[in-house]
Amino acid sequence: MFNLVLFGPPGSGKGTQSEKLIEKYGLIHLSTGDLLRKEMKAGTPLGNEAKSLIEKGQLVPDEVVVGMISSALDANPEAKGFLFDGFPRTIAQAEALDKLLTLKKTAIHAVLFLMVNEEELINRLVGRAKTSGRLDDADPEIQRKRQEVYKNETLPVAGYYQNQDKVSRVEGEGTIDEIFDRICSHINPLLEA
Ligand code: AMP
């Protein structure tokens, strides 16, 4: 198995790049944001609970997202590998993920960290709000909250993986294809090794 984490702040292009990466490398895309939006749309109790937090720019509890990821791993026993997008977002989630993968006799092989400056992030989210229909993109207050939550709770996750020597920093500005090529240039040598 080959498992990747695509890491970066809200608006750094994780969703866009994930689509291209899963196609090229045959991985299963696990986006906790997408899974939560699906639950919200279906109006499940989990979705309703998540909605109020997401619309405030806050994180959903660790147990909820770890549970969703655990079910998704179990549901795909034949997977060549997984691409984690928007997960893990806290150290507790990263530790839980390591445990789940160890049980499956696998691990995270690389963490691709998309680097984008804050002004560009806000511009992208404002642009995305026009088409995504996402309330958490449209409101500048919520966007600021999401960037703050990212800095306080999620950025330490990069340090967690840095300690495992797994982080590759990728310049996340430029065209979609330029950024994709940069990401692939980090992944390909790992697959050849
Ligand atoms: P995203 O689509 O990844 O930007 O996620 C949208 C929102 O879903 C986030 O702002 C959080 O409220 C929630 N969310 C997504 N993934 C996670 C996660 N791993 N942990 C906690 N909350 C999450």
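The figures here come from the full heavy-atom set of this structure, side chains too, leaving out hydrogens, waters and symmetry mates. Read the numbers this way: they start at 1 and go in the same order the structure lists the ligands and their atoms. Everything numeric in this text was worked out from a predicted model, so none of it was measured.
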(request) Decide side chain to side chain contact (heavy atoms under 4.5 Å, CB included) for M1 and K80; before the verdict, give the C-alpha distance in whole Å, the side-chain angles of both, and the deciding distance to 0.1 Å. (result) CA-CA 5 Å; M1 269 219 225; K80 272 174 66 181; over 6 Å; no
(message) Just to check, does K14 reach to within less than 4.0 Å of ligand 1 when the distance is taken from its heavy atoms?
(response) no
(request) State plainly whether the residues E141 and R144 are in salt-bridge range, i.e. N to O under 4.0 Å. (result) yes
(request) Go through the structure and list residues passing ring-ring contact (aromatic ring centres under 6.0 Å, His included) with F7, not counting sequence neighbours. (result) F113
(request) Starting from atom 16 (N) of ligand 1, locate the nearest protein heavy atom and write down its residue, its atom name and how far away it is, to 0.1 Å. (result) T32 OG1, 2.8 Å
(message) Is it the case that over 12 heavy atoms from other parts of the model lie below 6.0 angstrom from the NZ atom of K38?
(response) no
(request) Within a distance under 4.0 Å of any heavy atom of G86, pick out the atoms of ligand 1 and give their elements. (result) 16 (N), 17 (C), 18 (C), 19 (N)
(message) Using a 4.0 Å heavy-atom cut-off, which part of L59 comes near ligand 1: side chain, backbone, both, or neither?
(response) both
(request) Tell me, please, whether Y161 has K166 positioned over its six-membered ring: NZ or CZ under 6.0 Å from the ring centre and within 45 degrees of its axis? (result) no
(request) Would you indicate which of V60, D136, I69 comes nearest to atom 21 (C) of ligand 1 when only heavy atoms are counted? (result) V60
(request) Inspect the contact between E148 and K145 and indicate whether a charged nitrogen and a carboxylate oxygen are less than 4.0 angstrom apart. (result) yes
(message) Tell me the protein heavy atom at minimum distance from atom 11 (C) of ligand 1, and give that distance in Å.
(response) Q58 O, 3.6 Å
(message) Taking the basic N atoms (NZ, or NE/NH1/NH2) and the acidic carboxylate oxygens, is any pair closer than 4.0 Å for D137 and R146?
(response) yes
(request) Look at atom 20 (N) of ligand 1 and say which protein heavy atom is nearest, naming residue and atom and giving the distance to 0.1 Å. (result) Q93 NE2, 2.9 Å
(request) Look at ligand 1 and say whether L53 reaches it with a heavy atom at a distance under 4.0 Å. (result) no
(message) Considering R89, R146, M68, E153 one by one, which has a heavy atom nearer to atom 15 (C) of ligand 1 than any of the others?
(response) R89
(message) Pairs of nitrogen or oxygen atoms closer than 3.5 Å, one from G57 and one from ligand 1: do any exist?
(response) no
(request) Pick one of side chain, backbone, both or neither for how L36 approaches ligand 1, counting any non-hydrogen atom pair under 4.0 Å. (result) side chain
(request) Determine, for R89 against D62, whether the closest basic-nitrogen to carboxylate-oxygen distance falls under 4.0 angstrom. (result) no
